[in-house]
Every structure is written in C-alpha cells, then in structure tokens.
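Written out below as structure tokens is the structure these notes cover.
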Amino acid sequence: MSPEASVVRSQLYQAIEQPGALICVKTSRHRDTIYLIANEIIKEHTPKDYEAVGVNFQWANAALTNSDQLWQWFCTKITRKLKLKNTLPESWEGVTPSNNCSNYFETYLLPKIPTALVLVLYNVEWILEHQAIANDFVRLLVFWHNNAANNDSWKKLRLVIVHSQDIRTNREFNVGFVIDFPEAETGQ
C-alpha cells in the first residue's frame, strides 16, 4: 500500500469515528467496481464494534422513479441487513416519504442498535437520473448529519457515500467530508 493510500485510509477510519459523520468517498473507478471500495470500507475501515451496512442503489430499480418507494426500499434493505423485524408498514404514516424515513430511523432503527451504525451508500449515481429524488435524498442525508449536533440518536449514524468522480460536478454530491480514494488496489 502506498503512503498516500495509507494516509487516506487512516483519514477515512478517523472520519467514520466522528458522531454523525457524513463522508463522500470519491473514486475514478468504474461504477461496476465501486462495490469493492464499499466492501473494503465496511470490512477494513469501520471500527469492529460498529454495525456496518452497505446499500447498493444499482438494485433500487423501479423504486428510483418514486420517492415513497425509494425510501421504503431503503429502510427495508437496511432493516433486513441488520436482521431486525420490519415494522415499516406500521411506521409509514401519511406524511412525506423523507419524514417517514427519518421517523423510522429515529424511532426504530437507531434505538435498536447499541453502537454506531455506518451506512455505506454506493452506486448513488443511479439516483442522479431522477433529479427531484436526488435532491430530496441529499437534503435528507444532510438533515440527518446536522441533527447529530443536538440529538443522541443521530450521533450514532455515520453516512459514507461512495461514488465515482464523474459526478463530482454535481452540486448535490459535494457534501460532508470529502475523501478522494486512491487508485491503488483495494484490500480485497
């Protein structure tokens, strides 16, 4: 591993330890191989006592055309990976989909987890094809990040967005602590 890669990986680990972290990991790798970086983050750069879940937006399919379906897909995916009971049908009330998602995280998911939760969101480029949903998605992540300053539940959440540099010019994805992932091979 090059010295540069070692420094970047150390920065990433330290950033994930910050309560309420919002981290954008940018790479020039092709989006079909971004999952390797996401898996490396989960397995090697997440503190061992944290829960870590990867969410691949390439598999959201039809949910990407409807914000209500996207948020439900997102919550369901995370719930399954955490091996928790899915209470989404009882929790999804008549407010906006992003509010429903936030309420589900704050009142159910985060309290069920005794330690920090690292969400590694990757292939988020798929969301960009649906601008209104992309804007809502990023606003929600920033809202969660900002809530961590005053809310212990949200302090447990660490968000890591992994995407290719080809979306670097999109204002929506220029949020949080930015790390340019080196070109060297992943630890896999």
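Note that the structure is predicted; figures quoted are calculated from it, not measured.
- Inspection of the E93 and N99 side chains reveals no N or O donor paired with an N or O acceptor under 3.5 Å.
- Summarising the geometry of H130 relative to L64, their closest heavy-atom pair is CG-O, 3.2 Å, with the distance given to 0.1 Å.
- Between V118 and I42 the shortest side-chain heavy-atom distance does not fall below 4.5 Å.
- Using modelled atom types and a 3.5 Å distance limit, the side chains of W144 and S102 yield a donor-acceptor pair.
- Considering every non-hydrogen atom in both V120 and A38, the closest pair reads CG1-CB, 3.7 Å.
- Under a cut-off of 6.0 angstrom, the local environment of NZ in K112 is sparse, with at most 12 non-hydrogen atoms contributed by other residues, nucleotides or ligands.
- Taking the side chain as every heavy atom from C-beta outward, L109 and L117 never approach each other to under 4.5 Å.
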**OP:** Run the numbers on T79 and Y108 for side-chain hydrogen bond (donor to acceptor under 3.5 Å, both in side chains), then give the verdict.
**Re:** CA-CA 10 Å; T79 302; Y108 180 67; over 6 Å; no

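- Between Y104 and T87, some side-chain heavy-atom pair lies under the 4.5 Å cut-off.
- F57 is listed as a side-chain neighbour of L70, based on a closest heavy-atom distance under 4.5 Å.
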Original post:
Hey, mind stepping through V160 and L121 against side-chain contact (heavy atoms from CB on, under 4.5 Å) and telling me if it holds?
Top reply: CA-CA 6 Å; V160 182; L121 313 176; over 6 Å; no

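- Between W59 and W126, the closest side-chain pair of non-hydrogen atoms is not below 4.5 Å.
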Original post:
Passes side-chain hydrogen bond (donor to acceptor under 3.5 Å, both in side chains), W92 versus D68? Steps please.
Top reply: CA-CA 10 Å; W92 216 256; D68 193 53; 2.7 Å; yes

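- With a 4.5 Å cut-off on side-chain heavy atoms, L157 and L159 count as touching.
- The closest donor-acceptor contact from the side chain of S67 to the backbone of I133 lies at 3.5 Å or more, if one exists at all.
- Annotation: K48, atom NZ; neighbour count of heavy atoms from other residues, nucleotides and ligands within 6.0 Å is above 12.
- Between F137 and F74, the ring-plane angle classifies as perpendicular under the 30° and 60° cut-offs.
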**OP:** May I have the step-by-step check of side-chain hydrogen bond (donor to acceptor under 3.5 Å, both in side chains) for N151 and E106, ending in yes or no?
**Re:** CA-CA 10 Å; N151 184 310; E106 189 170 6; 2.9 Å; yes

Original post:
Yes or no on side-chain contact (heavy atoms from CB on, under 4.5 Å) for L140 and C101, after CA distance, side-chain angles and deciding distance?
Top reply: CA-CA 9 Å; L140 184 64; C101 185; 4.1 Å; yes

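- Within 6.0 Å of OH on Y13 lie more than 12 heavy atoms contributed by other residues, nucleotides or ligands.
- Distance alone, capped at 3.5 Å, places no donor-acceptor pair between the K26 side chain and the V178 backbone.
- Between N86 and T76, the closest side-chain pair of non-hydrogen atoms falls below 4.5 Å.
- Note that CG of L119 is 10.5 Å distant from CD of E51, once rounded to the nearest 0.5 Å.
- Side-chain N or O atoms of H145 include one that pairs as donor or acceptor with a backbone N or O of G20 at under 3.5 Å.
- You'll find the side chain of I23 stays beyond 4.5 Å of the side chain of R158, heavy atoms only.
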**OP:** Report the C-alpha separation of S98 and W71 in whole Å, then their side-chain angles, then the decisive distance to 0.1 Å, and conclude whether the side-chain contact (heavy atoms from CB on, under 4.5 Å) test is met.
**Re:** CA-CA 7 Å; S98 57; W71 295 125; 4.0 Å; yes

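- Checked by atom type and distance alone, the side chain of K156 pairs as donor or acceptor with a backbone atom of L110 at under 3.5 Å.
- Here the closest non-hydrogen pair linking I16 and Y50 is O-CE2, 3.8 Å.
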